[in-house]
Amino acid sequence: MITAGIDVGSKNIKAVVLRDGRIAGEAVGSGGFEQLARATELLKQAVRAAGCATADLAHITATGAGRTAVAFAHSTVTGVTAGARAANHLFPGARTVVEVGAEESRAVKTDGAGRVLDSAVNEKCAAGSGSFTESMARALGMTLEEFAVRSTQSTARIPMNAQCTVFAESEVVNLIHSGVDPKDIARAVHDAIASRVAAMVRRVKLEGEVVLLGGMAHNPGFVKCLKENLEVETLLIPDRPELADALGAALVAADRAGAAPGGRP
Amino acid sequence: MMMAPRQEYWRWAEGSWADPDRHWKDARVVTLGIDVGSVSSEAVVCLDGELYAFSTVRTAAGSVESAENAMKGVFERTGLRFDDIHYVVGTGYGRVNLPFAHKAITEIACHGRGANYMGGPSVRTILDMGGQDCKAIRVDERGKVTNFLMNDKCAAGTGRGMEVIADLLEVPIEELGPRSFDIDEEPAAVSDVCVVFAKSEAMARLKDGWSKNKVIAAYCRAMAERVAALLQRVGVEPEFFITGGISKNIGVVRRIEEIIGVKALPTPYDTQIAGALGAALFAHALYLKARGKPQAA
Amino acid sequence: MIAHYGYQDAEGEFFITIDTDRCGRCDGKPCVAACPRGVFTVEEDPYGDTVVAVDDRRRKRLRYECAGCKPAGDRPSLPCVRACPWGAMTHSW
Ligand code: SF4
Ligand code: SF4
């Protein structure tokens, strides 16, 4: 069976085509103002990459903040559910799922089989999600990659007082002016967001192994700080952590297509 | 990257003033209040518990330096020397670091006291919003704080949020207020609270064909709604008094008044000095108390 | 005095409200020790009462400091609120 999941964030759109439980094709692109048009285009790309046709899709499920904009989807699912489904598909048995994307972060407790038991979400304050680090890297004049790597080289712990992206930008500028080593600033920024994310995890109670999903899982500076804040040795990170929600949506699509065979072309 | 000098809007021009009809040599008690804020610092001198002189300066790198600059301004204006002062109270973000102050008092308490002096004893509810924080304060007829709240975590609830939108739209910040009324119909508030996300929302609206003025109106309304929620948390009781840079943005002030159903009191004073004035008044009361003349602090 | 410590941001309002008139009468200030995150401090207020306040370093991140006490599912009573014999403390979230 072939299904598709499409994750419509306010910044990026990701599409995954799933064939028999494996990713057969994918596409990632910016969202912008024309969400529906972009989603249609990206789905086409993913389908092409999978070597099939849109008509072959048994079911399409949309997720993400803009999921209702995807008129051609057969169903929708929340990001929390999609993320949990993907996490347990990739790491069966894991019970704590942390997902940090550009505009949203969340902690989910699952039953190990993809069902959500509890969740805590931060989606409206930019200081709680990945865009916080993007703004700070910009203030430091570094690329995100450089910013992340430099952070891992720091051994000093300096506090960040500002808890807001906008105020933190000025704080970072002040730190630069007072001669603080940029790698220590980078670390302070990653530590600030990691401590906020770790607090969300405390709300769902950390249990067993922890899965980290979302684009921030690519950032070694953040990963290091999150491990420290959660006091864990390892975080389970899949190859394409940023595709997790789209994958989860495609898995949900397969569940739904299986439950209602022939529901849609 | 440097911070833009746009902060100017949230402070009054540097300067000093002294009451020409009085002289400090005639006073029995001379007290000084110093408020070191994040953007500007003020020094106020009171003679026998009455406002006599003040100066306001840009906050420097260190609190002590800022306090000294403010003091110097008021001393130059009046001919006072530090030794002529009987009692000094410090307040504001930098209050803990002032070695020459006899006592440090919270900015909330000082603000309440200062607003009571400027707005009169009928003032019950005070809103103070500057570039970096927002305070809602309830006071009794003597300016004693009965209920307060401060929000300095989120830029969306402060003047800083307005600056970001002004920058985005390339509209001078002092034009935001008037332009927000130059519209056909009042739009709904911007729905994203977060400044970072509100920027994208504003851009999307412009793309939808909204005029800049309409976007400004939607943003002023959003800000007014947020401030009103904070005011309602402490409870609004007339008279209502507004201090800080926000008082200059009629686009937000009018909308707050409309939502809470109360008009703000006008005042002849430069409300920027509310905190330092309150500190100087506290200093007066504390000095009398220390001298053994009972008087409520 | 009713003191609201905390903040409002896009996620909501996160305030701890303390009726400091009741605090002034409270001898042991047991809430301070009851809090696992060191959220509270004791200070003299400007009117001469010894009261409990929220530590300045914690004020702007209360949602995160208190996260452990406020699980996403069923919430038990909060240690600080439970410790206060005068019912002087409430949380807005
Ligand atoms: S605290 Fe800053 S980042 Fe968070 S909602 Fe407010 S403006 Fe946005
Ligand atoms: S809820 Fe818990 S962490 Fe928060 S103040 Fe109360 S005891 Fe402290």
Side-chain angles (χ1 to χ4, degrees), chain B residues 89 91 93 96 103-113 133-140 142-158 161 190-198 222 225-230 232-235 278-279 281-282 285-286 289 296-297, chain C residues 1-25 29 32 37-67 70 80-81 84 86-93:
Chain B
V89 166
T91 189
Y93 285 104
V96 276
K103 201 173 159 96
I105 295 183
T106 65
E107 59 212 281
I108 300 283
C110 289
H111 226 89
R113 193 65 177 261
D133 71 355
C134 174
K135 308 184 192 84
I137 308 172
R138 289 268 303 274
V139 290
D140 68 12
R142 289 180 308 153
K144 185 180 170 191
V145 177
T146 57
N147 197 321
F148 79 88
L149 163 163
M150 173 163 80
N151 192 22
D152 60 351
K153 186 252 179 183
C154 171
T158 71
V190 171
S191 62
D192 277 302
V193 171
C194 179
V195 174
V196 178
F197 299 145
E225 285 176 1
R226 266 190 311 276
V227 171
L230 291 183
Q232 271 144 7
R233 185 167 283 281
V234 303
L281 294 170
F282 264 113
L286 286 165
K289 200 165 152 196
Chain C
M1 182 165 67
I2 309 290
H4 306 269
Y5 294 101
Y7 59 89
Q8 173 200 51
D9 73 1
E11 299 287 335
E13 292 189 18
F14 306 93
F15 287 102
I16 296 180
T17 300
I18 304 174
D19 180 346
T20 63
D21 292 341
R22 298 191 207 181
C23 270
R25 279 187 259 128
K29 311 264 191 286
V32 178
R37 305 288 298 181
V39 163
F40 304 104
T41 57
V42 177
E43 63 175 38
E44 191 188 329
D45 81 4
Y47 313 110
D49 288 327
T50 304
V51 301
V52 166
V54 169
D55 190 307
D56 241 13
R57 287 161 305 182
R58 310 263 184 254
R59 202 166 41 79
K60 290 190 227 171
R61 39 174 295 127
L62 277 186
R63 179 181 193 219
Y64 304 107
E65 296 293 352
C66 296
K70 301 185 173 197
C80 49
V81 171
C84 176
W86 303 93
M89 189 181 301
T90 52
H91 288 228
S92 73
W93 80 109

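Only this structure's heavy atoms are used, side chains among them; waters, hydrogens and symmetry mates stay out. Below, chain A is the first sequence line, B the second, and so on; all start at residue 1.
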* **Gap between atom CE of C/Met1 and atom NZ of B/Lys144 - 0.5 Å precision** => 8.0 Å
* Atom CD in C/Glu44, atom NZ in B/Lys103: separation rounded to 0.5 Å? -> 5.0 Å
* **C/Gln8 vs B/Cys134 side-chain heavy atoms within contact, under 4.5 Å** => no
Which portion of [X] sits near chain C, non-hydrogen atoms under 4.5 angstrom:
| X | value |
| --- | --- |
| B/Asp152 | both |
| B/Ala109 | both |
| B/Arg138 | neither |

* Look at the rings of B/Phe148 and C/Tyr5 and say which category their plane angle falls in: under 30° parallel, 30 to 60° tilted, over 60° perpendicular. => perpendicular
* Taking all non-hydrogen atoms of both residues, which atom of B/Val193 and which atom of C/Asp9 are closest, and how far apart? -> CG1-C, 4.3 Å
* Structure fact -> Those residues at least two apart in sequence (or on a different chain) that pass side-chain contact (heavy atoms from CB on, under 4.5 Å) with B/Lys135 are B/Glu107, B/Ile108, B/His111, B/Asp128, B/Asp133, B/Ile137, B/Met150
* **Closest-packed option against chain C by number of heavy-atom pairs under 4.5 Å, given B/Leu230, B/Ile105, B/Thr106** => B/Leu230
* Contact origin within C/Glu11 toward chain B - heavy atom pairs under 4.5 Å -> neither
* Asked: Given a strict heavy-atom distance threshold of 4.5 Å, which part of C/Arg61 is in contact with chain B: side chain, backbone, both, or neither?
  -> neither
* To do: Using side-chain contact (heavy atoms from CB on, under 4.5 Å) as the criterion, point out the one residue from B/Asn147, B/Thr146, B/Val145 that pairs with C/Ile2.
  => B/Asn147
